[in-house]
Amino acid sequence: MGTPLSGVAAEQYPRVARFYTPETWIEGRSEDQLDHVAGWPGIARVAAFPDLHPGRHGPVGAAFLADRLYPQLVGPDIGCGMALFRLSLPRRRLKLDKAVRRLSALDEPMPAGAAEEALGAADLAGISGTGLGTIGGGNHFCEVQEVVAAEDADLATGDLCLLVHSGSRALGAGIFARLAARWAEGFAEDSPAGRDYLELHDSAVRWAALNRRMIALRAAEALGADLEPICDAPHNLVTRAGGGWLHRKGAAAPEAGRAPLAGSRDDLSFLLAAAPGAEALWSLSHGAGRRYDRSAMHGRIRKHRSGLDAMTRNRFGGQIVCADRDLLIEEAGSAYKPVTRVAEDLEAFGLARRAATLAPLLTWKTGARR
DNA sequence: ATGTAC
């Protein structure tokens, strides 16, 4: 389909590179998925990270270099990523109960005029603003965090930050669904479907980054603070790299040498100073990685009232707002691997170092009951 | 992942 890949795609590196140590638990099925995708037509190389876990169309926590486009290796949430912002709010001025009440603004849709204006300023005029500024479901969140250690010039111990994990909402899902029937062997970049996908994909990537910024702006406004962007690293996207098409699925593309590494809502998060090279397909872990899938979590959590109430507090004394009972269970801290293990592996392979450590104070999922 | 599909 495409031209054979040369350079970094050739024998210089292993076809399947794994950047995790034996100390890190990896579900066997995700390694099977990794090997399976590595055998698809036109796949030159794959790199897997310590947050690897099984996904619907292939493993999550991996990057794939191909001579063609495979939309299923990006998935429906095109452009999804993690963005970190510093808040101009002293820790002593954050009152959790009041913040919980005010952050319910995140559940409301943005006024249509404001959404349109933001889209126009981001060169996305004419694209639907439905869902812009809202978090969505699944593993997405907007979290107030406190810096507990920092070597980064933009952060100091005691600073408050927002970590936003969200994507392109219905926009990416719609693009994915429309092209779903035509994937099997991927698209050549110069085919009509390939060109269509790339154009729609690129706008969804920009829409998703704008969405994270709008979520952070709305949260900062609710908290009465100003916002300073630290970095925004997408982890579901395809870009030109390494002489081919680099697909990332739950694999972070660092921005200017930095990327957030999100722990669960009951764990630390890190700001990584990152220099992953060709061997790691220029990518990093995006988070802790799931240990148990959603359905398994329903069997693992005792669902009496006091147990569920306890799940709205984290080990740092912080609070979780998630009125959707199923989501509260499915996204429990115990559903994820320890993020420190993931960071240690990335450091062991020289892909990144921890430049800041952050603890969650308030995780906003949804205030709406289901 | 999803203004969630029947």
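Reminder, nothing fancy here: chain letters follow the sequence lines and each chain counts from 1. In this text the structure is predicted, and so the values were computed from the model without any measurement.
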With a 4.0 Å cut-off on heavy atoms, is A/Gly172 in touch with a base, just the backbone sugar-phosphate, or nothing at all?
nothing
At under 4.0 Å between heavy atoms, what does A/Gly137 touch on the DNA or RNA strands: base, sugar-phosphate, or nothing?
sugar-phosphate
Residues that A/Val147 engages under side-chain contact (heavy atoms from CB on, under 4.5 Å), provided they are two or more places apart
A/Ala150, A/Leu155, A/Asp159, A/Cys161, A/Leu358
Measure the distance from [atom1] on [X] to [atom2] on [N] and round it to the nearest whole Å.
X        : N     : atom1 : atom2 : answer
A/Leu179 : B/dA1 : CG    : C1'   : 16 Å
A/Asp324 : B/dT4 : CG    : C1'   : 12 Å
A/Leu237 : B/dA1 : CG    : P     : 16 Å
A/Arg248 : B/dA1 : CZ    : C1'   : 19 Å
A/Leu73  : B/dA1 : CG    : C1'   : 15 Å
A/Asn211 : B/dT2 : CG    : P     : 10 Å
A/His165 : B/dA1 : NE2   : C1'   : 9 Å
A/Arg178 : B/dA1 : CZ    : P     : 20 Å

Do A/Arg291 and A/Tyr336 meet the cation-pi criteria used here (NZ or CZ under 6.0 Å from the six-membered ring centre, within 45° of the axis)?
no
Do A/Arg248's NZ or CZ and the ring of A/Phe64 fall within the cation-pi criteria of under 6.0 Å and 45°?
no
With sequence neighbours excluded, give me every side-chain hydrogen bond (donor to acceptor under 3.5 Å, both in side chains) pair touching residues 235-244 of chain A.
A/His165-A/His235, A/Glu189-A/Arg240
For B/dA1, take OP1 and OP2 only and decide whether either is under 4.0 Å from a side-chain N or O of A/Arg169.
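No, A/Arg169 has no side-chain N/O under 4.0 Å of OP1/OP2 on B/dA1.
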